[in-house]
Structures are given as structure tokens and as C-alpha cells.
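What follows is one structure encoded as C-alpha cells, with my remarks underneath.
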Number of protein chains: 2
Amino acid sequence: MEHAVLAAIASPRRREILRLVWNREMAAGDIAAAMPDVTFGAVSLQLRALQEAGLVVCRPDQKNRFYKAKRATLGLVAKSLERMWDDALWRLKLAAQLEATRRGPAPRRKHHKPQK
Amino acid sequence: MEHAVLAAIASPRRREILRLVWNREMAAGDIAAAMPDVTFGAVSLQLRALQEAGLVVCRPDQKNRFYKAKRATLGLVAKSLERMWDDALWRLKLAAQLEATRRGPAPRRKHHKPQK
DNA sequence: AATTCATTTTAGTTTCATCTAAATTACAGC
DNA sequence: GCTGTAATTTAGATGAAACTAAAATGAATT
């Protein structure tokens with residue numbers, strides 16, 4: 001583990017990319033399309049950073065370049081990242097479920113005795 | 001593990017501090033004294049960042065404030081950091097030993113046949 | 001209450017990362 | 001060759017992080 005790796009995963013944007021290519025490989029264009037808030041160029045730069053840190057590998061194929069995560073580089077940290085993503089998902093699902101199943105009046109805060 | 005933790009350990013300066021207080025607690029002034037290339041103020045700011053990330057705890061005592069690492073916050077990543085530091089030490093020691101025990105002419109690169 | 005020591009905080013500057021828009025490269029099909 | 005698609009690269013703008021110097025805080029000592 002070197003500095004470059006820690007610096008790479010410190011960026012939310014790069015973690016977002018890393019998560020996309022964690023289990024499957026994806027073309028650069030599809031990665032960029034999954035992030036409508038930035039330009040293709042910006043994504044390409046981050047892909048380069050990830051590649052230089054050894055966190056992704058690139059496979060050129062025809063006009064496309066397919067990226068996928070190189071999990072081994074992260075060692076134990078891979079598990080931490082996965083947990084981080086799972087926890088975030090879990091929180092989202094929980095929030096959605098609470099919202100969907102809620103009936104009746106809005107949840108109350110702890111009750112206080114009315115002032116005289 | 002949240003973003004704040006990853007962001008905190010992405011900084012070499014904060015890692016340097018974290019390493020100092022990894023096994024023992026240290027007064028802020030002593031930490032700053034161990035880093036002659038920056039001011040006390042700068043170190044204090046980084047200590048605050050580490051504290052906000054939950055990576056150190058502070059114990060006031062008289063005029064001093066003693067900081068120590070809160071390793072639990074790092075979970076598995078703690079091991080990765082330790083390995084990182086050990087590896088760096090190992091490399092330094094190896095280099096020092098090579099330098100100290102070297103005798104005779106400087107080490108040669110792989111021999112090539114002389115050109116005719 | 002004034003002084004000293006240890007530390008934090010503030011305000012301003014520099015440095016660095018990230019982004020955009022546009023130019024450029026690379027590859028394939030016509 | 002030219003055209004179109006996929007991606008990278010460049011140059012420049014913007015914002016955040018890290019630093020410094022100086023001022024402010026807090027706790028002990030006189």
C-alpha cells in the first residue's frame with residue numbers, strides 16, 4: 001500500500017468510478033454516462049489517476065476501452081470499501097422502506113409536558 | 001468507515017502525525033517539535049482534522065494536551081497503515097545497511113560484453 | 001491581576017486537485 | 001483519402017486544502 005492508493009480512494013468521484021467497475025468491466029463512455037454531472041474528459045482524467053495508482057486496469061477493444069477494478073491492489077482495504085458501499089445501500093433501503101410503510105401522523109419527538 | 005476517515009489518512013502530514021501517536025500519547029508541542037518543517041499552528045489544525053475524523057483523542061492535562069491514535073476507527077485499515085510504515089522502515093534499514101557494509105568499488109549494473 | 005507557557009484560532013496566501021471546453025489522437029467503416 | 005465515433009489530452013478557471021504569521025485563549029504561577 002502506498003500513498004497513491006490512499007490518495008486515490010480519498011476522492012468520492014474516484015470511489016464512485018471504482019464502485020462501477022468493481023464487479024464488471026465497463027467502457028469509459030458508459031462510466032462517463034453514469035455520471036451526468038461531469039464531462040467525459042473529467043472522468044477520463046480520474047480513470048487515469050486510478051490506473052496510475054494501480055486500482056484499475058484497461059483493456060482496449062475496437063474503439064472502446066474497458067476498465068475494471070484491480071481489487072488486489074487494495075488488500076484489506078477492499079473489504080472496508082465494500083462495507084462502506086453496503087452500509088450506504090442499507091441506509092438508503094431502510095430510509096425508503098420507512099417512507100413507504102409509514103401510515104398515520106408524522107413521527108413525533110419525545111413528548112414534553114405542556115407548559116402551564 | 002466514512003469519507004472523513006479516508007480523506008484524513010490521504011494526507012501524508014496527517015499520517016505522519018498519526019504514526020507518532022500510534023503507540024503512545026504525545027503532547028501537541030512535542031508532535032509539532034517532531035516536524036520542524038511546519039509551524040505549530042499548522043500541526044494544531046491537522047490535529048483538529050484528525051480529531052474530527054475520530055482518528056485521535058485528546059486528553060488535556062495541566063497546560064498540555066495529549067493526543068493518541070484511536071485505532072479502532074480505522075478498522076481493517078489500521079493493519080494496512082502499519083504494514084505501510086513497517087515496509088518503509090524496512091526499506092530504510094536495508095538501504096542504510098547496504099550503505100554501511102559496502103566495501104570496494106561501487107555496485108555494478110549487469111555486465112555487457114564490450115563492443116568490438 | 002499580571003506573566004508565562006502551551007495551544008488554538010483567525011485571516012490571508014500559496015499550492016494543489018478538479019473541473020470545463022476545446023483540441024487531439026486512435027480506430028473503424030466507407 | 002475522408003467521416004464518424006470513442007476516448008484522451010491540453011490549457012485555463014475555480015475551489016478547497018494546507019500553510020504562515022499573528023492574535024487570542026486557557027491554565028498555572030507569581
Side-chain angles (χ1 to χ4, degrees), chain A residues 1-21 24-70 73 81, chain B residues 1-21 24-70 73 81:
Chain A
M1 177 86 49
E2 332 105 21
H3 169 70
V5 175
L6 294 178
I9 60 173
S11 148
R13 179 72 65 192
R14 283 188 295 264
R15 281 200 304 273
E16 196 183 355
I17 294 176
L18 200 55
R19 188 171 185 279
L20 282 173
V21 300
R24 59 186 185 293
E25 70 174 12
M26 258 178 110
D30 292 336
I31 298 171
M35 310 187 172
D37 57 325
V38 279
T39 62
F40 199 157
V43 172
S44 184
L45 288 170
Q46 299 292 25
L47 280 170
R48 180 162 63 163
L50 284 168
Q51 195 168 17
E52 279 166 3
L55 287 174
V56 299
V57 288
C58 182
R59 177 180 69 84
D61 180 57
Q62 314 272 32
K63 285 182 200 166
N64 301 307
R65 300 199 186 186
F66 290 90
Y67 288 89
K68 73 163 193 277
K70 209 172 153 187
T73 304
L81 270 189
Chain B
M1 177 86 48
E2 333 104 23
H3 169 71
V5 174
L6 294 178
I9 61 174
S11 148
R13 180 73 65 194
R14 283 189 295 264
R15 282 201 303 274
E16 195 183 356
I17 294 176
L18 200 55
R19 188 173 186 279
L20 281 174
V21 300
R24 58 187 186 293
E25 68 174 13
M26 259 180 111
D30 292 337
I31 297 172
M35 310 187 172
D37 57 326
V38 278
T39 62
F40 199 156
V43 172
S44 185
L45 288 169
Q46 299 291 24
L47 279 170
R48 181 163 61 164
L50 284 168
Q51 195 168 17
E52 279 166 4
L55 287 173
V56 299
V57 288
C58 182
R59 176 179 70 84
D61 179 57
Q62 314 272 34
K63 286 181 200 167
N64 301 309
R65 300 198 187 186
F66 289 90
Y67 288 88
K68 73 162 192 279
K70 208 172 154 186
T73 304
L81 270 188

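So you know, we letter chains A, B, ... as the sequences are listed, proteins then strands, and number each from 1.
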> Residues in side-chain contact (heavy atoms from CB on, under 4.5 Å) with B/A34, at least two apart?
Replying inline: B/L20
>> Output the rounded distance in Å from CZ (A/F66) to P (C/dA26).
In response: 19 Å
> Whole Å only: how far is the CG atom of A/D37 from the C1' atom of C/dT18?
Replying inline: 12 Å
> Between A/N64 and A/D30, does a side chain to side chain contact (heavy atoms under 4.5 Å, CB included) hold up when you go through it step by step?
Replying inline: CA-CA 10 Å; A/N64 301 307; A/D30 292 336; over 6 Å; no
> Can you list the residues that meet the side-chain contact (heavy atoms from CB on, under 4.5 Å) rule with B/A10, with sequence neighbours excluded?
Replying inline: A/A10
>> Can you list everything that forms a side-chain hydrogen bond (donor to acceptor under 3.5 Å, both in side chains) with B/E16? Sequence neighbours excluded, please.
In response: B/R13
> When rounded to the nearest 0.5 angstrom, what is the spacing between CZ in A/R15 and CG in A/L18?
Replying inline: 9.5 Å
> Is the phosphate of C/dC5, meaning OP1 or OP2, less than 4.0 Å from a side-chain N or O of B/N64?
Replying inline: no
>> Please encode protein proximity along nucleotides 23-30 of chain D as a string of B, S and -, counting only heavy-atom distances under 4.0 Å.
In response: ----SS--
>> Please report the distance, rounded to the nearest Å, between CG in B/D30 and P in C/dC5.
In response: 16 Å
Under 3.5 Å, sequence neighbours excluded: what are the donor-acceptor pairs made by side chains of residues 48-62 of chain B?
| residue | atom | partner | partner atom | Å |
| --- | --- | --- | --- | --- |
| B/R59 | NE | B/E25 | OE1 | 3.3 |
| B/R59 | NE | B/E25 | OE2 | 3.3 |
| B/R59 | NH2 | B/E25 | OE2 | 2.4 |

>> What contact category does B/A28 fall into here, base, sugar-phosphate, or nothing, at under 4.0 angstrom with non-hydrogen atoms?
In response: sugar-phosphate
Identify each atom pair where a protein N or O and an N or O of nucleotides 22-25 of chain C are less than 3.5 Å apart, giving names and distance.
none

> So how far is it from A/M1 CE to B/L81 CG, rounded to the nearest 0.5 Å?
Replying inline: 8.0 Å
> Within this structure, what is the CG-to-P distance between B/L45 and D/dA17, rounded to whole angstrom?
Replying inline: 13 Å
>> At a heavy-atom distance below 4.0 Å, what parts of residues 3-14 of chain B sit against DNA chain D?
In response: B/S11, B/R13, B/R14
> By side-chain hydrogen bond (donor to acceptor under 3.5 Å, both in side chains), which residues pair with A/R65, not counting sequence neighbours?
Replying inline: none
>> Classify A/A27 by what it touches in the nucleic acid, base, sugar-phosphate, or nothing, heavy-atom distance under 4.0 Å.
In response: sugar-phosphate
> Can you list the residues that meet the side-chain contact (heavy atoms from CB on, under 4.5 Å) rule with A/A28, with sequence neighbours excluded?
Replying inline: A/F40, A/L47, A/Y67
>> C/dT8, OP1 or OP2 - any side-chain N/O from B/Y67 closer than 4.0 Å?
In response: yes
> What pairs with B/R14 under side-chain hydrogen bond (donor to acceptor under 3.5 Å, both in side chains), at least two apart in sequence or on another chain?
Replying inline: B/Q46
> Is the phosphate of C/dC19, meaning OP1 or OP2, less than 4.0 Å from a side-chain N or O of A/Q46?
Replying inline: yes
> Counting just side-chain N and O atoms, does B/T39 come under 4.0 Å of either OP1 or OP2 of D/dC19?
Replying inline: no
> Near DNA chain C, under 4.0 Å by heavy atom, which residues of residues 47-54 of chain B?
Replying inline: B/R48
> For B/A42, what residues pass the side-chain contact (heavy atoms from CB on, under 4.5 Å) criterion, not counting sequence neighbours?
Replying inline: B/V38, B/T39
